[in-house]
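Counting starts at 1 for both ligands and their atoms, in listed order. Computed from a prediction, not measured in an experiment: that's the story for all the values here.
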Amino acid sequence: MKLQSGHEVVPLEGSEKEKQLKDFQGYKDGLIRLMPGRWLLAPGFQNFADRIYNFQHKKSDVVVMTWPKFGTTWTQEIVWTMMNSPNLDHPDSNLPILTRSPFIENDIFAPALKPGEVPLSNDPFYVAFKKVCPNRNPADGVHLQLVEEFPDPRLIKTHLPFSLVSPTLLDTCKVIYVARNPKDVIVSFHHHSRILKLHDYVGSFEDFVQYFVNDDLIYGPYWLHLKEAWERKNHKNLHFIFYEDLKANPLGEIKKLNAFLNTKLTDAQLDGIVKYTSFKEMRARDNGPVFNFEHKGVKVEALNAEVVKKDGGFFRKGESGDWKNKFTNEMDAKANQWLQKNLNNLDLEFKYEIECRKNGKI
Ligand code: PPS
């Protein structure tokens, strides 16, 4: 199958597929690769790829584009608050973030609905869908249609790279790309893949590092995703944020966003947003992208409660450099080799890797 982005869809087969399905027990429908790029995605992507590629963006859209675990949710919460609730008084601010800032490709992970079937009535996504697009058929994509019909200005999340989204995206609207040190991404993604039943990773941490350096994790390859954004970094509609900068100086970074988005917030409003979007406050609100809910007394659980109890939920640690507590010397050497091969070749100084080394943080 050929996509309108020009990519050929190749389903994973043989021993590679077997290994993935053994370690990621949530990938029951298998996985696909898109060539060129070797992008690894859920097979449901084929149903939405062309619509996403041809999506009509508006000038007022703001897209938060990241690879998984780069700090998407944090950035969405900051930007949503700047755009909608600068005085922290919007009545919807406690709703799950993906109902306020929809995730354009999230339908690719949902099991296909049978004709006439509707999602669970109190699934927060479906509640938002019914409110925003009451006359649409959810089988055509709850999340994608939510984005299509969402009132302006829309704040849209994607983990897709530039080559899989609209080729006119940057010339049409503003894009915020968030990047994060790959070693912390590995730790965070490993946790994410264990807590989310959608992935249900049951392999070892060591194997997870290997999956990462082989570019064999879903949404991979990390470096190509980053490269496609880095090559566009001088475009006036692209704003780059590094998770580590946001962590070290949130006010400074939010001020830059204030200029980029032209939101014209006062210093007092920006101070309020820094506090409101701190890790501590966001973890306490716990209205991130994944959640459990009850439907007619039956618990619908996206999260593996046992792992959450032992190792924490979606808002895990929210720190830079936590990888030092998890990596062995061998893993570090493997990741460094990967960094050397992929990121140095990009002409992208992964400045936090370098700076952190200099000041002894790593
Ligand atoms: S996802 O599921 O891919 O969209 O995840 P994403 O939101 O990109 O990344 C989740 C990590 O970001 C951390 N996080 C934060 N860090 C600092 N401050 C705030 N406010 C914040 N909110 C979320 C979250 O805890 C995940 O990182 P780890 O290292 O696992 O804690």
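- Considering each of K157, K69, E319, the one bringing a non-hydrogen atom nearest atom 4 (O) of ligand 1 is K157.
- Counting only distance, with no hydrogens or angles, the side chain of D184 and the backbone of D322 share a donor-acceptor pair below 3.5 Å.
- The only option from I241, L257, T277 that meets the side-chain contact (heavy atoms from CB on, under 4.5 Å) definition with L246 turns out to be I241.
- Note: no N/O pair closer than 3.5 Å links P289 and ligand 1 by distance alone.
- Of the N or O atoms in K247, none lie within a sub-3.5 Å distance of an N or O in ligand 1.
- Using a 4.0 Å cut-off between a side-chain N of Lys or Arg and a carboxylate O of Asp or Glu, K275 and E281 qualify as a salt bridge.
- The distance from ligand 1 to the heavy atoms of P68 drops below 4.0 Å at these ligand atoms: 3 (O).
- Cation-pi geometry between R180 and Y243 is satisfied (NZ or CZ under 6.0 Å from the ring centre, within 45° of the ring normal).
- At least one heavy atom of M282 sits closer than 4.0 Å to an atom of ligand 1.
- A salt bridge is absent between D50 and K2: the closest approach of a Lys/Arg side-chain nitrogen to an acidic carboxylate oxygen does not fall below 4.0 angstrom.
- Heavy-atom separations between R180 and ligand 1 include at least one value shorter than 4.0 Å.
- For atom 20 (N) of ligand 1, the closest heavy atom belonging to the protein is T277 O, 2.9 Å.
- Residue contacts with ligand 1 do not include W67, since none of its heavy atoms lies under 4.0 Å from the ligand.
- The closest approach between any non-hydrogen atom of H159 and ligand 1 is below 4.0 Å.
- The aromatic rings of F314 and H192 sit perpendicular, their planes meeting at an angle over 60°, well past the 30° parallel limit.
- The proximity of E281 to ligand 1, defined as any non-hydrogen pair under 4.0 Å, does not occur for either the backbone or the side chain.
- Nearest to atom 25 (O) of ligand 1 by heavy-atom distance, out of Y219, W323, F279, is F279.
- Between the side chain of Y201 and the backbone N or O of F208, at least one donor-acceptor pair lies under 3.5 Å.
- Considering only non-hydrogen atoms, atom 7 (O) of ligand 1 lies nearest to T73 out of L98, T73, V187, T66.
- Residue-level proximity to ligand 1 for E77 is absent, since no heavy atom of it falls below 4.0 angstrom.
- At least one heavy atom of F314 sits closer than 4.0 Å to an atom of ligand 1.
- Residue-ligand proximity: D184 is placed with every non-hydrogen atom at 4.0 Å or more from ligand 1.
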Item to complete: Using the side chain to side chain contact (heavy atoms under 4.5 Å, CB included) rule, take F125 and H143 through it: C-alpha gap first, then chi angles, then the decisive distance, then the call.
Response: CA-CA 8 Å; F125 292 137; H143 300 268; 3.4 Å; yes
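- At least one donor-acceptor pair under 3.5 Å links the side chain of D61 to the backbone N or O of K58.
- At the shortest separation from atom 12 (O) of ligand 1 among protein heavy atoms lies Y243 CE1, 4.0 Å.
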